[in-house]
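When a ligand or atom number is given, it counts from 1 through the structure's own listing order.
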Amino acid sequence: MISSGTSFDRTTERIRQEALHPEKWKNPNPAELYDLVIVGGGPAGVTAADEAARRHAKVALIERNRLGGNCLNTGCIPSKTIIRTSRLYAEMRNAEDYGAKVPGEIAVDFAAAMEHVRSVRARIARGISAKDLAAHAVDLFFAEARFAGPDSVAVDADLLRFKKALIATGARPTAPPIPGLAEAGYLTNETVFDLTERPDRLVVIGGGPTGCELAQAFCRLGSQVAIVQLDPMFLSQEDRDAAQILSEAFERDGIAIYLNAETVGVRVEGGSKLIDFVQEGNTITVAADAILVVVGQTPNVEALNLEAARVEYDAERGIRVNDFLQTTNPDIYAAGDVCAKPRLMDFEPASSRLVVENALRSARKRVSALNVPWCTYTDPEIAHVGIYVREAREKNIPVKTFTVPMHDVHRAICDAEEDGFVKVHVREGSDRILGATIVARHAGEMINDVTLAIQSGLGLRKLGSVIRPYPTQAAAVQMAANAYSPGTSSSGPGRRKTRQPRAKRARA
Ligand SMILES: Cc1cc2nc3c(=O)[nH]c(=O)nc-3n(C[C@H](O)[C@H](O)[C@H](O)COP(=O)(O)OP(=O)(O)OC[C@H]3O[C@@H](n4cnc5c(N)ncnc54)[C@H](O)[C@@H]3O)c2cc1C
């Protein structure tokens, strides 16, 4: 029997609640007219409120639940914390790879791991508290917001009039119409971090970033995990070679992988949940104690009365925005997960700052001009920025790729973290960087070099001339750069030998 949300440390939860939605909060009296009204207090809304207040705009922020949204409460923060703990257990099990031996048996304390997740979340919550926002001259309302017209929002009995508004209401987990699933009961990212007991057998439905991250984390915390993915590979938007490395890592961890598999039904028998899926014409059944469903997010648009605001939306894809993040009502913007976007991009803070510039300063900043890196925090991590080769081909952009396998990187060898590669794409005939994919233990950190280079217009040659401490795993980026020389005709895995950056002299 899996318990959730009943027996964990209430003090930690009280701290979080007090920071993100204080019990005795009293909504302020509304101003006559706001420069900016923001609906939704997730990362997109809070960043915009902060930014607008710093520019001395009269700003109101409306949140119906807790500040911090998905990211803090049910997304980035709890998932990254559980990943860290699970990594530690994996390292203990693989101690011999590091020339070490763990004395005795490794027993996972799942309840302690989850309590740690919640205490980290509470600690970070204190940094974005309701009181701090109010102290920074943001009028903070806790209520459900509903547009009353093209320039006003109803909040309880009050009407907030605005010059500009931002919709940042985010999204919630999509519930797939799988027969029997609702009756059997399932976890989502909204409930999984409340667990206090480990599900000994867990089936994860969905092989996108969240499904992959949590499948690996739970496996490393001792659950027997099966992951079922509709597509033929994990992380469908990434390159095939990157996804393949992830599949191999999952196999080593002991995760049962079902790709190209469609879940068709769920039953409960003898206390077990039986998940039926079809793979290559065969029906396969897996038994589990819990099912985690992570098949995407549905935008929170229904409650907003968007018709009154003249804002067009699609109930599944989200609010329609142009390149300036304006909706069909040019005085109303949208940012974050509520927007209809061509693909998942985690860039709420950057898009919120863009909205504040465009809305309050009449700027014309384009969202398409942002360089947005992203990362899936599995082990190894998979990070990407810029263009993929397949996209370049579609656009007839000639590209040349420089690849460095991590097993050629001294620091990766020292760290026993040799899985993966760095792949940098430049425009053929130049050293202009168009994109990069990094698969490595610390890919999320390593991609920053390339993002900075793209953003500042630094070419691959310049990137190669940066002096770095030796040895680092980020040297792989430099090795890719070193492989570049003007007139290089081609380069790919194994086609051109890359040089390790020169070893540093002895430390003083
Ligand atoms: C498990 C998981 C892990 C993730 N990990 C990462 C990661 O590592 N890195 C990363 O960049 N992204 C990650 N993400 C994605 C990230 O959490 C979201 O992209 C981000 O939270 C979106 O921010 P947002 O402000 O647009 O919306 P949300 O965070 O969803 O916030 C929207 C807010 O609006 C409020 N709201 C909704 N409707 C109304 C209304 N009518 N009136 C008032 N308030 C309303 C909601 O209560 C909510 O607080 C992860 C997501 C998940 C699920």
Side-chain angles (χ1 to χ4, degrees), residues 20-21 27 37-49 60-84 117 121 125 128 130 140-147 153-156 160 165-174 187-193 204 206 208-215 217-218 292-306 309 318-319 321 325 333-339 341 343-352 355 372-378 381-383 443-444 447:
L20 304 178
H21 186 163
N27 284 342
V37 165
I38 301 161
V39 184
V46 168
T47 307
L61 175 65
I62 311 160
E63 168 56 50
R64 68 178 173 189
N65 188 6
R66 292 185 179 119
L67 293 172
N70 251 338
C71 183
L72 171 63
N73 296 295
T74 56
C76 327
I77 297 299
S79 63
K80 265 70 269 175
T81 312
I82 201 177
I83 284 168
R84 184 65 190 92
V117 166
R121 184 169 64 179
I128 55 161
L140 177 58
F141 297 82
F142 282 107
E144 174 114 29
R146 196 178 150 75
F147 283 91
V153 177
V155 174
D156 294 334
L160 273 52
L166 166 63
I167 304 171
T169 48
R172 60 185 183 278
T174 300
L187 298 163
T188 67
N189 65 292
E190 290 184 343
T191 48
V192 72
F193 301 111
V204 177
T210 302
C212 288
E213 288 181 357
L214 293 180
F218 272 81
L292 174 62
V293 176
V294 266
V295 295
Q297 298 270 310
T298 301
N300 291 324
V301 287
E302 302 80 1
L304 291 165
N305 195 22
L306 290 172
I319 294 179
V321 283
L325 290 180
Y333 293 73
D337 283 2
V338 76
C339 294
K341 286 175 290 201
R343 65 178 174 215
L344 179 79
M345 286 187 186
D346 304 325
F347 65 117
E348 299 74 35
S351 59
S352 300
V355 165
V372 184
W374 58 86
C375 184
T376 300
Y377 296 92
T378 40
E381 297 176 351
I382 300 181
I447 199 79

Participant: Any ion pair linking Glu302 and Arg172 (charged N to carboxylate O, less than 4.0 Å)?
Facilitator: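 Yes, charged N to carboxylate O under 4.0 Å.
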Participant: Within the 4.5 Å heavy-atom criterion, are Val301 and Ile167 side-chain neighbours or not?
Facilitator: no
Participant: So if I count the atoms of ligand 1 from 1 in the order they appear, which ones are less than 4.0 Å from some heavy atom of Glu144?
Facilitator: 41 (N), 42 (N)
Participant: What do we get for Tyr377 next to ligand 1 when only non-hydrogen atoms under 4.0 Å count, side chain, backbone, both or neither?
Facilitator: side chain
Participant: Just jot down the ligand 1 atoms closer than 4.0 angstrom to any heavy atom of Gly336, in number order.
Facilitator: 26 (O)
Participant: Which option wins on minimum heavy-atom distance to atom 9 (N) of ligand 1: Cys375, Gly69, Cys76?
Facilitator: Cys76
Participant: Would you mind listing which atoms of ligand 1 come within a distance below 4.0 Å of any non-hydrogen atom of Ala171?
Facilitator: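 In order of number, 30 (O).
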Participant: What are the atoms of ligand 1, with element, lying closer than 4.0 Å to any heavy atom of Ala168?
Facilitator: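 Numbered from 1, ligand 1 contributes 32 (C), 33 (C), 34 (O).
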Participant: Thr210 to ligand 1: N or O pair under 3.5 Å?
Facilitator: no
Participant: Pick whichever of Val192, Thr169, Asn189 has a heavy atom sitting closest to atom 53 (C) of ligand 1.
Facilitator: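 Result: the heavy atom closest to atom 53 (C) of ligand 1 is in Asn189.
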Participant: Do Leu166 and Leu325 come within less than 4.5 Å of each other through their side chains, counting heavy atoms only?
Facilitator: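 No, every pair of side-chain atoms sits at 4.5 Å or beyond.
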Participant: Does any N or O of ligand 1 fall below 3.5 Å from an N or O anywhere on Glu213, backbone included?
Facilitator: no
Participant: Apply the side chain to side chain contact (heavy atoms under 4.5 Å, CB included) test between Ile77 and each candidate in Leu72, Ile82, Val117; give the one that qualifies.
Facilitator: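 Answer after filtering Leu72, Ile82, Val117: Leu72.
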Participant: Among Pro173, Ser79, Pro78, which residue meets the side chain to side chain contact (heavy atoms under 4.5 Å, CB included) test with Asn189?
Facilitator: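 Considering Pro173, Ser79, Pro78, a side chain to side chain contact (heavy atoms under 4.5 Å, CB included) with Asn189 is found only for Pro173.
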Participant: So if I count the atoms of ligand 1 from 1 in the order they appear, which ones are less than 4.0 Å from some heavy atom of Ala145?
Facilitator: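 So the answer, numbered in order with elements, is 40 (C), 41 (N), 42 (N), 43 (C).
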Participant: Nearest heavy-atom pair of Asn27 and Leu140: which atoms, and what distance?
Facilitator: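 Answer, listing the atom of Asn27 first, then Leu140: OD1-O, 3.7 Å.
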Participant: Looking only at distances, can you tell me whether any N or O atom of Gly75, backbone or side chain, sits closer than 3.5 Å to an N or O atom of ligand 1?
Facilitator: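 So ligand 1 has no N or O lying under 3.5 Å from an N or O of Gly75.
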Participant: Counting each atom of ligand 1 from 1 as listed, which ones have a heavy atom of Lys80 under 4.0 Å away?
Facilitator: 5 (N), 6 (C), 7 (C), 8 (O)
Participant: Lys80 vs Tyr377, test: side chain to side chain contact (heavy atoms under 4.5 Å, CB included). Steps then yes/no.
Facilitator: CA-CA 7 Å; Lys80 265 70 269 175; Tyr377 296 92; 3.6 Å; yes
Participant: Determine, using heavy atoms of Ala143 and all atoms of ligand 1, whether some pair is separated by less than 4.0 Å.
Facilitator: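 A heavy atom of Ala143 does come that close to ligand 1.
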Participant: Under 3.5 Å, is there a donor-acceptor pair linking the side chains of Arg121 and Asn73?
Facilitator: no
Participant: Is there a side-chain contact between Val293 and Leu187 (heavy atoms, below 4.5 Å)?
Facilitator: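 With C-beta onward as the side chain, the pair stays apart.
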Participant: Purely on distance, is any nitrogen or oxygen of Ala44 under 3.5 Å from one on ligand 1?
Facilitator: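 Yes; at least one N/O pair falls below 3.5 Å.
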Participant: Kindly confirm or rule out an N or O of Asp337 lying under 3.5 angstrom from an N or O of ligand 1.
Facilitator: yes
Participant: At a non-hydrogen distance cut-off of under 4.0 Å, which region of Val39 contacts ligand 1 (side chain, backbone, both, or neither)?
Facilitator: side chain
Participant: Could you say whether the N/O atoms of Gln297 and ligand 1 ever approach to under 3.5 Å?
Facilitator: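 No, Gln297 has no N/O under 3.5 Å of an N/O on ligand 1.
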Participant: Below 4.5 Å, heavy atoms only, C-beta onward: do Leu67 and Phe142 meet side chain to side chain?
Facilitator: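 A side-chain contact exists here, since the closest heavy-atom pair is under 4.5 Å.
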Participant: Quick one: does Asn70's side chain get under 4.5 Å of Gln297's, heavy atoms only?
Facilitator: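 Yes; the side chains approach each other to less than 4.5 Å.
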Participant: Between Thr376 and Glu213, is the side chain to side chain contact (heavy atoms under 4.5 Å, CB included) condition met? List the steps.
Facilitator: CA-CA 7 Å; Thr376 300; Glu213 288 181 357; 4.0 Å; yes
Participant: Applying a strict 4.0 Å limit to heavy atoms, is Thr74 in contact with ligand 1?
Facilitator: yes
Participant: Got Ile447 and Cys375 here, is their nearest side-chain heavy-atom distance under 4.5 Å?
Facilitator: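 Not in contact.
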Participant: Which ligand 1 atoms are under 4.0 Å away from a heavy-atom of Arg66?
Facilitator: 49 (O)
Participant: Regarding ligand 1, does Arg64 bring an N or O atom to under 3.5 Å of one of the ligand's N or O atoms?
Facilitator: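 N/O-N/O distance under 3.5 Å: yes.
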Participant: Within a distance under 4.0 Å of any heavy atom of Leu304, pick out the atoms of ligand 1 and give their elements.
Facilitator: 41 (N)
Participant: Is any N or O atom of Ala303, backbone or side chain, closer than 3.5 Å to an N or O atom of ligand 1?
Facilitator: no
